[in-house]
Amino acid sequence: MPELPEVETVVRGLRATLPGRRILAVRLGKTDFIDDPAALGERLPGRRIGAVERIGKFIRVELAPETGAAHPTQSHAHEADGRLHLLVHLGMTGRLAVRSPDEPVVPHTHGFFELDDGQELRYTDIRRFGRILLVSASALPEFESRLGEDALFVSAREFRQQLSGRRARIKALLLDQKSLRGMGNIYSDESLWRARIHPVRLASRLTAEEIARLHQAIRQVLRAAIKLGGSSISDFLDAEGKPGSYQMRHRVYGREGQKCFRCGALIRRIIVAGRSSHFCPHCQPRPRRGQRAPRSGRSRAKSTKTRGAKPPSARK
DNA sequence: CGTTGAACCTGTTTGC
DNA sequence: TGCAAACAGGTTCAAC
């Protein structure tokens, strides 16, 4: 459910109430989606919430170590392991919202973070595809380095470089967080429709003009979606429990069989990169030939054949 | 490198 | 009506 616009919407909502609050206690229900459940209860209580930001589709809640501690009690060796970051990924059905303890707990709520103003931050996730982890300030850069540039801020040049030489389908690349962070299924389809590019096109075969068009389409679509609070297909709600309305502006997503707003042709749906992909067969023409891998020998094939020298392949 | 399919989990919609 | 299949905003991993 949540892609960049929805996560941005949630972050903006949380930013209105969380900064400055102190976490008093943590209670958890099911924990199979939490990297280290025990660490939450051990390290969060007492910490003060700082900035609330978005890292691709992750929500980052900065946690400062307890400050005015009059008595060191029994602090461990690591004198103040400095700042910590609580990272929350909403997966498909995750929700994060500040509620009053009096409000009824909706089903599938597995995380409760008691705050010092009497309220509590609750994490609800029906499918539990979400993820919660704690990262130290020193480990944050490493974490971020595994993601590409943010889809909302990537420059035309960086976008072009990211696609150059990639022989994968453009749709697969847009969904790949290591290539570009923040895009999901809805906004990938919407952006490709705007740019008039078929989802199955190979990135390496897009023209410079098409790449520029796609870059523009992505930022326009994302900005418009953020302005409307994201898309609410069936269950996305912001931090205050209100739905977004960008679904009213969808041009192709969820519109299979309906008329294209640009040319009237019927929108089609196919599977690309394992995901439903919606497009207009007229505005977004299929790539000419040369796509299917050559259907050659089905024989044993001498797999042990290695190619020439492999470059150092600097990782990280 | 890239692709496909399965898996993770629960709920809702669709089809026969 | 009833039950099974398909599908859902995401990510990851094995196998090819």
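Every value quoted in this text rests on a predicted model; they were computed, and no experiment measured them. Naming: A, B, ... by sequence-line order, numbering from 1 per chain.
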**Fill in**
Regarding the side chain of A:Y253, the nearest nucleotide among B:dG2, B:dT10, C:dG9 is C:dG9
**Prompt:** Expressed in angstrom and rounded to an integer, what is the separation of A:K178 atom NZ from C:dT11 atom C1'?
**Reply:** 9 Å
**Proximal nucleotide (of B:dT10, B:dC9, C:dT11) relative to the A:D32 side chain** = B:dC9
**Request:** Determine whether more than 12 heavy atoms belonging to other residues, nucleotides or ligands lie under 6.0 Å from atom CZ of A:R262.
**Result:** yes
**Message:** Quick check on B:dC9: is either OP1 or OP2 less than 4.0 Å from any side-chain nitrogen or oxygen of A:H108?
**Reply:** no
**Complete:** Side-chain contact check for A:K57: nearest option of B:dT10, C:dG10, C:dG9 is C:dG10
**Complete:** From CG of A:D176 across to C1' of C:dT12 the rounded distance in Å is 12 Å
**Item:** A:R131 CZ - B:dC8 P separation (whole Å)
**Value:** 18 Å
**Request:** Describe the nucleic acid contact of A:I126 in one word from base, sugar-phosphate, nothing, applying a heavy-atom distance below 4.0 Å.
**Result:** sugar-phosphate
**Prompt:** Does the separation of the ring centres of A:F33 and A:Y123 fall below 6.0 angstrom?
**Reply:** yes
**Message:** So does A:S145 get a backbone contact from the side chain of A:K178, meaning a donor-acceptor N/O pair under 3.5 Å?
**Reply:** no
**Prompt:** If you measure from the P atom in C:dC7 to the same atom in B:dG5, how many Å do you get, rounded?
**Reply:** 13 Å
**Request:** Can you tell me, in whole Å, how much space there is between the P of C:dT11 and that of B:dG11?
**Result:** 22 Å
**Message:** So A:S276, base contact, sugar-phosphate only, or nothing? Heavy-atom distance under 4.0 Å.
**Reply:** sugar-phosphate
**Request:** Identify which nucleotide among B:dT10, C:dG10, B:dC9 has an atom closest to any side-chain atom of A:K30, counting heavy atoms from C-beta outward.
**Result:** B:dT10
**Fill in**
Rounded to whole Å, CD of A:Q177 lies from P of C:dC13 at a distance of 15 Å
**Request:** Indicate, with a heavy-atom threshold strictly under 4.0 Å, whether A:G274 touches base, sugar-phosphate, or nothing.
**Result:** nothing
**Fill in**
Rounded to whole Å, the CZ-P distance (A:R127 to C:dG10) equals 11 Å
**Fill in**
Separation of C:dG10 atom C1' from A:E3 atom CD, nearest Å, is 9 Å
**Message:** Can you measure A:Q247 atom CD to C:dA8 atom C1' for me and round it to whole angstrom units?
**Reply:** 15 Å
**Presence of A:R275 side-chain N/O under 4.0 Å of C:dC7 phosphate oxygens OP1/OP2** = no
**Prompt:** Can you tell which of C:dG9, B:dT3, B:dT10 lies closest to the side chain of A:A172?
**Reply:** B:dT3
**Request:** Find the partner of B:dC9: check Watson-Crick (N1-N3 plus N6-O4 or O6-N4) and G-U wobble (N1-O2, O6-N3) distances, both under 3.5 Å, and reply none if neither fits.
**Result:** none
**Item:** Under 3.5 Å on both distances, the Watson-Crick or G-U partner of C:dA15
**Value:** B:dT3
**Request:** Taking only the side-chain nitrogens and oxygens of A:H89, find out if one of them lies under 4.0 Å from OP1 or OP2 of C:dT11.
**Result:** yes
**Item:** Among C:dT11, B:dC9, B:dG2, the one nearest A:R167 by side-chain distance
**Value:** B:dG2
**Asked** Planes under 30° and centres closer than 5.5 Å, is that true for A:F129 with the base of B:dC9?
**Response** no
**Request:** Taking atom P in both C:dA5 and B:dA6, compute the distance separating them and give it to the nearest angstrom.
**Result:** 14 Å
**Asked** Nearest-Å distance, CZ (A:R269) to C1' (C:dC7)?
**Response** 8 Å
**Request:** For the pair A:R196 (side chain) and A:L192 (backbone), establish whether a donor and an acceptor sit closer than 3.5 Å, ignoring hydrogens and angles.
**Result:** no
**Nearest-nucleotide pick for A:R166, side chain only, options being B:dC9, C:dG9, B:dG2** = B:dG2
**Asked** Do you know which of A:H250, A:R249, A:E190 makes side-chain hydrogen bond (donor to acceptor under 3.5 Å, both in side chains) with A:S231?
**Response** A:H250
**Complete:** Between A:H89 and the options A:F129, A:F58, A:F143, the ring-ring contact (aromatic ring centres under 6.0 Å, His included) test singles out A:F58
**Prompt:** Which heavy atom of A:A239 sits nearest a heavy atom of A:V10, and at what distance?
**Reply:** CB-O, 3.9 Å
**Complete:** Note: for A:F58 and A:I271 on DNA chain C, the residue whose nearest nucleotide lies more 5' is A:I271
